[in-house]
Amino acid sequence: MIRLLVGLGNPGKEYERTRHNAGFWLVEKFAAANGVSFRKDPKYQALVGRHEASGAWLLLPQSFMNASGRAVQMLAGFFKIKPEEILVVHDELDFAPGIARIKQGGGIAGHNGLKDISQRIASHEYWRLRLGIGHPGDKNQVADYVLHKPSVEDRAAIESAIDRSLEILPQCLSGDLQGAIQKLHSGEPKKAPEKKEIPVKEPAKPAAEKSGGLLKSLFGKK
């Protein structure tokens with residue numbers, strides 16, 4: 001059973017539409033669809049809500065990405081929530097926009113929000129819902145890339161992945177993570193096959209042109 005749903009992002013108007021805030025987008029959309037209202041809690045430095053149907057807490061840390069773990073540690077500690085009862089929703093560079101996958105534990109792949117959470121709660125065993133945002137192709141451009149808005153096409157793909165994730169979120173909250181994984185992963189958009197370019201053959205030159213070219217090369221132009 002998931003008792004704490006965490007969305008990762010950066011606070012402030014200047015960041016709300018950036019790729020790094022994909023985790024916020026999903027949790028905010030889930031809250032809106034389920035009548036959950038957030039209140040700003042200065043103790044946790046976070047927006048906090050309660051999903052009445054499941055009893056799960058919803059958390060949006062407001063202390064910037066690299067300090068996300070503080071709110072998670074404090075709320076989980078107060079309500080005695082174990083790492084395996086936490087689901088963290090975050091942006092994922094390694095997946096293309098439109099892909100959403102769930103896993104438990106594992107590495108943090110350089111994600112500063114996950115890094116801080118793992119350090120604060122001293123565990124990697126929490127669940128992650130990873131929303132693909134694509135990769136800029138150069139690791140030196142990553143910091144700038146995640147803090148910019150996605151293209152219209154990419155945003156639509158990310159929203160599609162969020163909508164599919166919202167369909168299986170009740171299963172996650174009830175504890176059927178494996179069923180949720182199977183449904184979410186099997187519903188992934190299929191990658192379009194790459195079109196193979198057919199080489200265009202140049203038309204054969206007429207015999208007269210060929211022989212004329214040969215004579216010119218032998219005797220030169222008149």
Residues two or more places apart in sequence or in another chain: which of them pass side-chain contact (heavy atoms from CB on, under 4.5 Å) with Q178?
-> W127, I181

The reported gap from CG in N66 to CG in L8 (rounded to nearest 0.5 angstrom) is 11.5 Å

Distance in Å, I86 CD1 paired with L59 CG, rounded so as to fall on 0.5 Å steps | 9.5 Å

Selection residues 44-63 - residue pairs positive for ring pair (Phe, Tyr, Trp, His ring centres under 6.0 Å), sequence neighbours left out | F30-H51, W57-F79

All side-chain contact (heavy atoms from CB on, under 4.5 Å) counterparts of P11, not counting sequence neighbours | Q62, F64

Would you mind reporting whether L169 and L26 have side-chain heavy atoms less than 4.5 Å apart?
-> yes

What are the two closest non-hydrogen atoms of P97 and I158, and how far apart are they?
-> CB-CG1, 4.0 Å

Atom pairs and distances, side-chain donor-acceptor, residues 99-110, under 3.5 Å, sequence neighbours left out:
residue	atom	partner	partner atom	Å
R101	NE	E188	OE2	2.5
R101	NH2	E188	OE1	3.2
R101	NH2	E188	OE2	3.4
Q104	NE2	E125	O	3.0

Are any non-hydrogen side-chain atoms of L129 and L5 less than 4.5 angstrom apart?
-> no

Is F24 reachable from L131 through a run of I, L, V, M, F, W or Y residues, each pair having side-chain heavy atoms under 4.5 Å apart?
-> yes

Identify, with sequence neighbours excluded, every residue that meets salt bridge (Lys or Arg N to Asp or Glu O under 4.0 Å) alongside R164.
-> none

Decide yes or no for L4 and L87: does some side-chain heavy atom of the first lie under 4.5 Å from some side-chain heavy atom of the second?
-> no

Can you run down the salt bridge (Lys or Arg N to Asp or Glu O under 4.0 Å) pairs that involve residues 26-54, sequence neighbours left out, and say none if there aren't any?
-> K29-E159, K29-D163, R39-D41

For A156, does its backbone N or O pair with a side-chain atom of S160 as donor and acceptor, under 3.5 Å?
-> no

Salt bridge (Lys or Arg N to Asp or Glu O under 4.0 Å) partners of residues 81-97, not counting sequence neighbours, each pair once = R3-E85

What is the distance from atom OH of Y145 to atom CD1 of I133, rounded to the nearest 0.5 Å?
-> 5.5 Å

For R19, does its backbone N or O pair with a side-chain atom of W25 as donor and acceptor, under 3.5 Å?
-> no

If you take all heavy atoms of V6 and P61, which pair is closest and at what distance?
-> CG1-CD, 4.0 Å

Are any of the side-chain heavy atoms of V72 and Y126 separated by less than 4.5 Å?
-> no

Residue pairs passing the ring pair (Phe, Tyr, Trp, His ring centres under 6.0 Å) test where at least one lies in residues 91-112, sequence neighbours excluded | H20-H111, H90-H111

Pairing residues for H135 by the side-chain hydrogen bond (donor to acceptor under 3.5 Å, both in side chains) criterion, not counting sequence neighbours = none

Can you tell me if S174 uses its side chain to pair, donor with acceptor, with the backbone of Q171 under 3.5 Å?
-> yes

Taking every non-hydrogen atom, the tightest pair across I168 and K183 | CG2-CD, 3.5 Å

Minimum side-chain heavy-atom gap N21-N10 below 4.5 Å = yes

Listed by chain and number, what are the side-chain hydrogen bond (donor to acceptor under 3.5 Å, both in side chains) partners of N34, not counting sequence neighbours?
-> none

Can you sort out the partners of Q45 under side-chain contact (heavy atoms from CB on, under 4.5 Å), two or more places apart, ordered by chain and number?
-> S63, R70

Please answer: with hydrophobic residues joined when any side-chain heavy atoms are less than 4.5 Å apart, are V48 and I2 in the same cluster?
-> no

Tell me whether V89 is reachable from L114 by hopping between hydrophobic residues (I, L, V, M, F, W, Y) whose side-chain heavy atoms are closer than 4.5 Å.
-> no

May I ask whether I162 and V146 are part of the same hydrophobic cluster, defined by side-chain heavy atoms of I, L, V, M, F, W, Y residues being less than 4.5 angstrom apart, directly or through others?
-> yes

Counting only heavy atoms not in H148, do more than 12 fall under 6.0 Å of its NE2?
-> no

L177 versus C172, closest heavy-atom pair with distance | CD2-O, 3.6 Å

Can you tell me if CD on E14 sees more than 12 non-hydrogen neighbours from other groups inside 6.0 Å?
-> yes

Nearest heavy-atom neighbours spanning S68 and I117 | C-CG1, 4.4 Å

Heavy-atom closest pair, residues Q141 and P136 | OE1-CB, 3.9 Å

Verify the cluster assignment for M65 and L93: are they in a single hydrophobic cluster under the rule of side-chain heavy atoms below 4.5 Å apart?
-> no

Distance col, row K149:NZ vs D154:CG, nearest 0.5 angstrom, shows 13.5 Å

Taking only residues two or more places apart in sequence, or in another chain, which ones meet P170 in a side-chain contact (heavy atoms from CB on, under 4.5 Å)?
-> none

